[in-house]
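Each remark here refers to the structure printed beneath this line.
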Amino acid sequence: MEEMIGKVENLMMGEVIHMRTYQAIYDTLFSHYGPQGWWPADSAMEMMLGAILVQHTNWNNVEKAMKNVKVYRSPEELYELSLDELATLIRPSGFFNTKAKRIKSFLMWFRQYDYDVRKLRYLKRLELREQLLQIHGIGKETADVILLYAFGKPIFVVDAYARRLFKRLGFNMPDTYDAFRSDVERELPESVEIYNEYHALIVMHAKVHCKATPICTDCPLWEYCERQIS
DNA sequence: GTCCCGTCAA
DNA sequence: TTGACGGGAC
């Protein structure tokens, strides 16, 4: 009761109530940081390789690896390389032996479609997702990143940053990947542009403010945040 | 839960 | 020189 009176008093003092919705967070981040223009890649093929290379590392390291990969101009040339040769190329991205196998698996799959995304575009969003998840080394996050940025399918990418951010803000966090994804997708319009920007904005925000140890000074989401520490 | 692995800031 | 960082398989 005292708490209610306190809230009423706060309201009378002109405090604004901020609705903690996925849409409101998106709008606020977009106004603050502006369009991010992801994903930086020359082709769908390069984008998908980048999605594997960026697993458990940062974009800076991917760019070094990608520079070496791009010496080989065609997917066929890349496919002919041995695991060791591939691993040497992608060394700067870390976990190079693991990722070399994953890229091999991916290329083996993509080869069935003549390395041509147009031959896969007709598939429905979740059908294509199932295809990608069959590839050894591609899990849900990587699959969704590929669906969104290489195939232009509207899908919300759940990553460690998104989990940390929304948990901290005070959202009821579902415990599984797909439950979280569905929660967000239920609320937002089915727009590739929005999902594209949302993922990028969350990454940006997590690096600038909502880090492991948060930097709350000048945080654009301050008014929305319950600052749940865990 | 453990393993895979380089880069960069401090 | 050390610690933080970051997905998926098993």
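Because the structure is a prediction, the values reported are computed rather than measured. Numbered from 1 within each chain, the chains take letters A, B, ... in sequence-line order. Values below: every heavy atom of this structure, side chains too, minus hydrogens, waters and symmetry copies.
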- Query: To the side chain of A/Asn97, which of C/dG6, C/dG8, B/dC5 is closest?
  - Reply: B/dC5
- Item | Candidate pair A/Tyr22 and A/Phe156, rule ring-ring contact (aromatic ring centres under 6.0 Å, His included), full reasoning | CA-CA 11 Å; A/Tyr22 293 112; A/Phe156 181 73; 7.1 Å; no
- Query: What does A/Lys64 touch in the nucleic acid at a heavy-atom separation under 4.0 angstrom: a base, only the sugar-phosphate, or nothing?
  - Reply: sugar-phosphate
- Rounded off to whole Å, could you give me the NZ-to-P distance for the A/Lys211 and B/dA9 pair? 11 Å
- Between A/Arg102 and A/Asn61, which is nearer to the 5' end of DNA chain B once each is assigned its nearest nucleotide? A/Arg102
- Task: Just compare B/dG6, C/dG7, C/dG6 and give me whichever is closest to any side-chain atom of A/Tyr161.
- Result: C/dG6
- Would you say A/Asn58 reaches B/dC8's phosphate, i.e. side-chain N/O to OP1/OP2 under 4.0 Å? no
- Note on the structure: A/Phe96 has its side chain closest, among B/dC5, C/dG7, B/dT7, to B/dC5
- Task: Rounded off to whole Å, could you give me the CG-to-C1' distance for the A/Asp159 and C/dG8 pair?
- Result: 14 Å
- A/Trp38 and A/Tyr149 aromatic ring geometry - parallel, tilted or perpendicular at 30°/60° bounds: tilted
- For A/His199 and C/dG7, give me the distance from atom NE2 to atom C1', rounded to whole Å. 12 Å
- Message: Using whole Å, what does the distance between atom C1' of nucleotide C/dG8 and atom CG of A/Leu132 come to?
- Response: 15 Å
- Task: Could you check how far CH2 of A/Trp59 sits from C1' of B/dT7, rounded to whole Å?
- Result: 16 Å
- When rounded to whole Å, the CZ to P distance for the pair A/Arg163 and C/dG7 reads 12 Å
- Round to a whole Å and report the spacing from NE2 of A/His56 to P of C/dG7. 7 Å
- Query: Touch check for A/Asn60, heavy atoms < 4.0 angstrom, all strands: base, sugar-phosphate only, or nothing?
  - Reply: sugar-phosphate
- Query: So what does A/Ile52 hit on the nucleic acid, given a heavy-atom distance under 4.0 Å: a base, only sugar-phosphate, or nothing?
  - Reply: nothing
- Message: Need to verify one output field. Residue with the more 5' nearest nucleotide on DNA chain C, A/Phe95 or A/Ile135?
- Response: A/Phe95
- Message: In the structure I gave you, are the side-chain heavy atoms of A/Ile215 and A/Val208 within less than 4.5 Å of one another anywhere?
- Response: no
- For a ring pair (Phe, Tyr, Trp, His ring centres under 6.0 Å) with A/Tyr113, tell me which candidate from A/Trp109, A/Phe110, A/Tyr115 qualifies. A/Trp109
- Residue-phosphate contact under 4.0 Å: A/His136 side-chain N/O, C/dC10 OP1/OP2: yes
- Query: Base, sugar-phosphate, or nothing for A/Thr57, non-hydrogen atoms under 4.0 angstrom?
  - Reply: base
- Message: Nearest whole Å is fine: how far is B/dA9 P from A/Lys207 NZ?
- Response: 12 Å
- Where is the tightest heavy-atom contact between A/Thr217 and A/His209, given as atom of each residue plus distance? O-CE1, 3.0 Å
